[in-house]
Amino acid sequence: MLPHSPLVLVLALACALPGMALAAPASVPVGHDSLEQRIKACTACHAPKERHDAFFPRIAGKPAGYLYNQLLNFREGRRQYPMMNYMVEHLPDDYLREIAEYFAAQHPAPPPAQPSSAGATALARGKQLVLHGDSGKKIPACISCHGEKLAGVAPAIPGLLGLPRDYINAQLGAWKNGIRRAHAPDCMAQVAQRLSDADVGAVSAWLGTQVASADARPASGIALPLPLHCGGVPGSTAQVAP
């Protein structure tokens, strides 16, 4: 059982958020709190029935290693979102791992496709980049790392389907602008720098129109070699094409 002190920090923050009333920490007996009770601050925003907007992405079902890395990134300042930075600021590694493993084991039904106002040309460009990349701009296909079904790859590569279109667009923009960072070498920052603004919009628009199958799970392996070395992917150094 993890220390009780993180519970007080997390629930106190969640209870302070407008419209997110939760049980007062005093109602949870010390030493008898369940993990479900301790992650209520997470599920207040990342609920099974997501809001499907740019601020609260689907985290259920993503590989535990990826979720753990993102919690570390928020705690250590590589990612910036004040609510998340504050919530994990003092949480120990073991607590973050337990949160990551909990959400990785959840597999709610995939959300429906998002309607898109992007034209046929933009959607075709997005599909091209996701499935085939652009060799002229040295942009690898998204599926070369995120898996043929775009459901991610264990232990540390996330799936891309089921995420809000605006969230994908915002995160690619953050990588392009250096606002979002990951463990070095930051492969997604490299990819984002090669994408034009139109490419970012095209990729996010096309991904938003796709729906994951109900039984989609992160793959256990991926075709090698990988196109880039990613600091957040264990062992990728030895698996990158020369």
Side-chain angles (χ1 to χ4, degrees), residues 52 54 57-63 65-67 69-70 73 79 104 110-111 113-114 116 118-177 179-183 185-213 216-236 239-241:
H52 215 70
R58 170 176 290 241
I59 59 175
K62 282 188 165 51
Y66 169 77
L67 295 175
N69 281 341
Q70 299 318 300
N73 288 341
R79 291 190 68 174
Q114 302 166 64
S116 176
T121 300
L123 290 173
R125 173 64 173 167
K127 181 178 181 180
Q128 167 71 28
L129 289 168
V130 171
L131 301 183
H132 305 289
D134 185 333
S135 59
K137 297 175 71 172
K138 296 184 179 180
I139 299 171
C142 299
I143 62 171
S144 63
C145 290
H146 294 273
E148 289 288 332
K149 295 183 178 180
L150 297 170
V153 182
I157 301 176
L160 299 180
L161 299 186
L163 291 169
R165 175 185 60 248
D166 291 343
Y167 175 80
I168 297 173
N169 191 73
Q171 297 311 304
L172 287 172
W175 263 305
K176 278 178 65 68
N177 297 326
I179 298 172
R180 177 173 176 175
R181 294 173 292 123
H183 294 82
D186 190 343
C187 56
M188 277 305 306
Q190 297 175 46
V191 171
Q193 290 296 328
R194 299 168 189 172
L195 294 168
S196 67
D197 290 344
D199 287 340
V200 169
V203 167
S204 58
W206 188 80
L207 286 171
T209 65
Q210 307 303 299
V211 180
S213 63
R217 300 289 186 274
S220 58
I222 194 171
L224 299 176
L226 297 174
L228 293 169
H229 173 203
C230 294
V233 180
S236 66
Q239 300 173 339
V240 175

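- Within the structure, every pair that satisfies the side chain to side chain donor-acceptor pair (under 3.5 Å) test and touches residues 120-132, not counting sequence neighbours, is listed here: R125-D134, R125-D199.
- Under the 4.5 Å side-chain criterion, counting only non-hydrogen atoms from C-beta, W175 is in contact with D186.
- Residue Y66 holds its OH atom at 8.5 Å from CG of N73, rounded to the nearest 0.5 Å.
- Once rounded to the nearest 0.5 Å, the distance linking CH2 of W206 with CG of L131 reads 4.5 Å.
- In this structure, CG on L195 lies 4.5 Å from CD1 on I139, to the nearest 0.5 angstrom.
- Between I143 and I222, the shortest heavy-atom contact is O-CD1, 4.3 Å.
- Looking only at side-chain heavy atoms (C-beta outward), P140 and C145 stay at 4.5 Å or farther from each other.
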Atom pairs and distances, donor-acceptor, side-chain atoms in residues 146-156, under 3.5 Å, two or more places apart:
residue: H146; atom: ND1; partner: P158; partner atom: O; Å: 2.7

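- Using a 4.5 Å cut-off on side-chain heavy atoms (C-beta onward), R181 and R79 make no contact.
- The side-chain heavy atoms of M188 and Q193, taken from C-beta on, include no pair separated by under 4.5 Å.
- When all heavy atoms are compared, the tightest approach of L123 to A118 is CD1-O, 3.8 Å.
- For NZ of K137, the number of neighbouring non-hydrogen atoms (other residues, nucleotides, ligands) closer than 6.0 Å is greater than 12.
- Contact detail for L163 and R58: the closest heavy-atom pair is CD2-O, 3.8 Å.
- Closest non-hydrogen pair, I157 versus P63, comes out as O-CG, 3.2 Å.
- Of all non-hydrogen atoms in P227 and S144, the two that sit nearest each other are CG-OG, 3.4 Å.
- With hydrogens and angles disregarded, a donor-acceptor distance shorter than 3.5 Å links the side chain of N69 to the backbone of G232.
- At least one donor-acceptor pair closer than 3.5 Å links the side chain of Q114 to the backbone N or O of R165.
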Checking side-chain contact (heavy atoms from CB on, under 4.5 Å) for the pair L160/C142: CA distance, chi angles, key distance, verdict?
CA-CA 9 Å; L160 299 180; C142 299; 4.1 Å; yes

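- Counting heavy atoms from C-beta on, the side chains of P185 and Q190 come closer than 4.5 Å.
- In this structure, L228 and R194 approach most closely via the heavy-atom pair CD2-NH1, 4.4 Å.
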Run D197 and K176 through side-chain contact (heavy atoms from CB on, under 4.5 Å) and show every step you take.
CA-CA 9 Å; D197 290 344; K176 278 178 65 68; 3.3 Å; yes

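- The closest side-chain heavy-atom distance from V203 to N169 is not below 4.5 Å.
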